[in-house]
Chemist: 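Can you keep this structure in mind? I'll have questions shortly.
The chain is numbered in sequence order, starting from 1. Just so it is clear, the values below take in all heavy atoms, side chains as well, and ignore hydrogens, waters and symmetry mates.
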Amino acid sequence: MKPAPNAICLGGPCHGMLTHIRQDVGVLDIPLPTRPSDDPEETARYRITVGRVHHPSSAEPFIILRWADSPPGRGFSSGPAGRR
């Protein structure tokens with residue numbers, strides 16, 4: 001059984017994608033959601049943040065993953081987010 005999503009990607013090619021992560025800090029390589037079947041798996045780098053955001057699919061807030069390849073100060077704003 002696949003684990004339930006606990007994180008959401010903000011910015012970049014995976015914006016809005018829900019995923020499951022098992023670590024608290026660092027940068028992750030997230031597989032791109034769509035790609036031709038004959039290409040090697042492509043990924044985008046996302047940084048784990050302390051931010052949390054509520055999503056209608058879960059009673060628990062999701063961890064915010066920010067696109068790590070975006071220029072400083074040009075990321076997406078999540079607005080106020082609760083912290084655990």
Chemist: Hey, is the main chain of G11 close enough, under 3.5 Å, to the side chain of Y46 for a donor-acceptor pair?
Modeler: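 Checked: pair present.
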Chemist: Side-chain contact test, heavy atoms from C-beta onward, threshold under 4.5 Å: evaluate it for L65 versus C9 and give yes or no.
Modeler: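 Yes, close enough: below the 4.5 Å cut-off.
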Chemist: If you look at every heavy atom in M17 and P31, which pair is closest and at what distance?
Modeler: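 Taking every non-hydrogen atom into account, CE-O, 3.9 Å.
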Chemist: If you define the side chain from C-beta out and look only at heavy atoms, does anything of I8 sit under 4.5 Å from I63?
Modeler: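 Heavy-atom side-chain distance check fails, nothing below 4.5 Å.
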Chemist: Roughly how far, to the nearest 0.5 Å, is CG of D69 from CZ of R47?
Modeler: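 Answer rounded to 0.5 Å: 9.0 Å.
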Chemist: Quickly, which of D24, V27, I21 forms a side chain to side chain contact (heavy atoms under 4.5 Å, CB included) with I48? Name it, please.
Modeler: I21
Chemist: Shortest non-hydrogen contact from F62 to L18?
Modeler: CE2-CD2, 3.5 Å
Chemist: Can you give me the closest heavy-atom contact between R22 and P3, atom names plus distance?
Modeler: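 Answer, listing the atom of R22 first, then P3: NH2-CG, 3.7 Å.
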Chemist: Taking all non-hydrogen atoms of both residues into account, name the closest pair between A44 and L32 and its distance.
Modeler: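 The pair with the smallest heavy-atom distance is CB-CD2, 3.9 Å.
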Chemist: Would you name the heavy atoms of A4 and H20 that are closest together and state the gap between them?
Modeler: O-ND1, 2.7 Å
Chemist: For a 4.5 angstrom cut-off between non-hydrogen side-chain atoms, does V53 reach I64?
Modeler: yes
Chemist: Using 0.5 Å steps for rounding, measure from the NE2 atom of H15 to the CZ atom of R66.
Modeler: 9.5 Å
Chemist: Under 4.5 Å between any side-chain heavy atoms of L28 and R45, yes or no?
Modeler: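 SC-SC contact between L28 and R45 ruled out.
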